[in-house]
Amino acid sequence: MLNAADPLRVAFLGVSSHNRAILEFFFANAGKHLFRLVPLDEPQVLIADFDQTGTQQAWEDNYSAAPRPGIALAMQNPNIERTIWVAKPLTMQALGDAAAQVRPLLPEGHSDTPRDTPNTPPDAAHTDTTATSKISNTVQPFGLPAKPKRPQQTTLLVSTAGATAPSPSPQDNSPEHLVRPRVAHLNTKAPPSAPLIDPDQQEQRWQQLCGDHGDIEQQALPHSPELLFSPDNHLLGHLQQALHLMRQSNQPVHIDINQGQEQLLMLPTTQQVYSSLDKLSEDFMWLCHLPMAAEQVQLSQADPETLARLEDQLKGNKYNLEALLWTASLLTARGRLSRTMPLEQSLILNYWPNLTRLESTPHNMRIAAIWYQRAGTVFEIAAWLDIPQRYVFAFHTAASTLGLLIADQGQRPRREPTTAPQKNRGLFSRLLQRLLGGGTR
Amino acid sequence: MTTNRKIIFTGPVGAGKTTAISAISDIDIVTTDEYASDMAKSRKPQTTVAMDYGLINIGNDERVHLYGTPGQERFDFMWNILTKGGLGLILLLDNTRKDPWQDMKFYTNAFRDFIDTQQMVVGVTRMDLQRSPNLDQYRQWLDQLSLRAPVFEADARDRADVTALIQALLYSLDPGVVA
């Protein structure tokens, strides 16, 4: 019998890598007393992402084989019997409530309600056990700080019949001018719930990725060995060689570390990489950060037999190639600069990194924006943006590994950006605060 | 005094404009979806025939309006009207469509004047379903069109991704802005 304090045994069905990462993070931290991830043949409850192609069919197949209740992740309520709907974007509150509400759907003897779910409506779990239930009207997604709550409002803005198509103008683009031949309501969405990411954990991760050293004068850097590193003395150098080999040959490349202790496999066609280590794990961090002798690593082109074996063996950790190289670069450098980089070299960002799929570091959007528009040295970029140098150094190392930062050949202006407030700067600042978690709703 | 600004979302049918606006809007978006009666129905049963509308309240009577253009080319007469007073353009391209390169050419041409005076950010959707073409190809296509813009993989359902597109737009307009 399931003890009320036991975590629910759950397995994923069709959950995207992004949401999987969020859920795993939740399970490992705030939700560790609520959920425990198990293989697909062992769960009490399935967590299925119904916005993914094929999940509906997979759910039906799985349910007919072993009828279990589920938690349905989706933008819209998929109305699946014996599931609890959790609306995206996922929130800690909604997942906590879902854990409480799905328990009564378990077979007899497994439906004890946990003791510590104060946010669950008193009778919610008992009044809606057959139909899908909307758990929470909170919309604050993971990783975004909370905003002040206010009462939910509903405003009727339009009620017209036979109206014409809308025609907003710059002078008057208010919603009252948006008409359609039926009643339309502008419902303000519910206020967001608390953030999931612990600020301390976030800060710790940024230290792992960018270090914690202070700023330094450019002239002093060559005499500060603690702020310099050589990629060739680390795994990063071997990854760069493997990338070069893969691009040259257009063949998969196998990276064998310490005679098979750890392995990676780069795939040119899909631009993905398999790894024996989770790139967010401590082991991977140390593998990148600690020096590595040349003889510890073997690179080879994978023949079809090796390819099939490794794909099967390493299928647990499959990443976008750029995402893995980006993280490996940051973990290696920890905010240091490569010894091979000429400090006085003015650089430009040839293309923006795919920042929606790369691990985030402080100010990375601002660094990308300014380096994309203007040529500058790492020291100039940090000074222009008035941010700690280590964040620019980190961005420099990672973007260089991906081949996105190149030497300036006079393509872009090298003048200092104007410090005068630009038109709309105040508005932009408030909009960013609002989107990233501050500001007024 | 109320201050209003606009951000425009455009792209072909099914690229995720309605979904993207919905992901970040403070209100339930006003959509004008109808059952498609033309080629659009091969990609989704309902499509936007006039525009989508969403809103971000910043406070102090300031709002940023989010407009999604209809994806069908026969509504292009509306596009010039929509962009007037706009801060910038989010172009969403569906990687599973037959010819994303043609889509990029069409929409950047249609909004060229607006892009030249303001800024554009490109979000490539459905890359989880189809990896090719990859982002490098999109970057090279922009080079061929003599355009410079950030290009990101994006899931229109994901608020963080849509927020990132807008962040990149704002920082591109003014790298000096601080959140």
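Residue numbers start from 1 in every chain, and the chains themselves are labelled A, B, ... in the order their sequence lines are given, proteins ahead of strands.
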Using heavy-atom distances under 4.5 Å, tell me whether [X] contacts chain B through its side chain, its backbone, both, or neither.
X	answer
A:Ile387	neither
A:Gln52	both
A:Asn320	side chain

- Return the minimal non-hydrogen interatomic distance between B:Arg157 and A:Asp51, and the atom names on each side. NH1-O, 2.6 Å
- Item | Closest heavy-atom pair and its distance - B:Ser172, A:Ala369 | N-CB, 4.2 Å
Is [X] close to chain A through its backbone or its side chain, or both, or neither, when contacts mean heavy atoms under 4.5 Å?
X	result
B:Leu170	both
B:Leu165	neither
B:Leu129	side chain
B:Ala154	backbone
B:Arg139	both

- Query: Checking side chain to side chain contact (heavy atoms under 4.5 Å, CB included) for the pair A:His363/B:Val178: CA distance, chi angles, key distance, verdict?
  - Reply: CA-CA 9 Å; A:His363 307 291; B:Val178 180; over 6 Å; no
From [atom1] ([X]) to [atom2] ([Y]), nearest 0.5 Å:
X	Y	atom1	atom2	answer
B:Thr163	A:Met365	OG1	CE	9.5 Å
A:Phe428	B:Leu87	CZ	CG	5.0 Å
B:Leu173	A:Arg425	CG	CZ	11.5 Å
A:Gln272	B:Arg131	CD	CZ	5.5 Å
B:Arg148	A:Trp352	CZ	CH2	11.0 Å
A:Leu435	B:Ile24	CG	CD1	6.0 Å

- Who pairs with B:Asn134 by side chain to side chain donor-acceptor pair (under 3.5 Å), at least two apart in sequence or on another chain? none
- Most contact-rich option vs chain A, by heavy-atom pairs under 4.5 angstrom, among B:Thr19, B:Asp143, B:Asp128, is B:Asp143
- Query: Which one of A:Ser429, A:Ala368, A:Pro353 has the most heavy-atom pairs closer than 4.5 Å to chain B?
  - Reply: A:Ser429
- Show the numbers, then the answer: is there a side chain to side chain contact (heavy atoms under 4.5 Å, CB included) between A:Arg434 and B:Asp26? CA-CA 11 Å; A:Arg434 171 67 188 80; B:Asp26 284 350; 2.3 Å; yes
- Task: Answer yes or no: does atom CG of B:Asp116 have more than 12 heavy-atom neighbours from other residues, nucleotides or ligands under 6.0 Å?
- Result: yes
Verify, without hydrogens or angle tests, whether [X] (side chain) and [Y] (backbone) share a donor-acceptor contact under 3.5 angstrom.
X	Y	result
A:Arg366	B:Val177	yes
B:Tyr171	A:Ile370	no
B:Glu153	A:Thr356	no

- Query: If we only count heavy atoms from C-beta on, is the B:Glu62 to A:Leu431 side-chain gap below 4.5 Å?
  - Reply: no
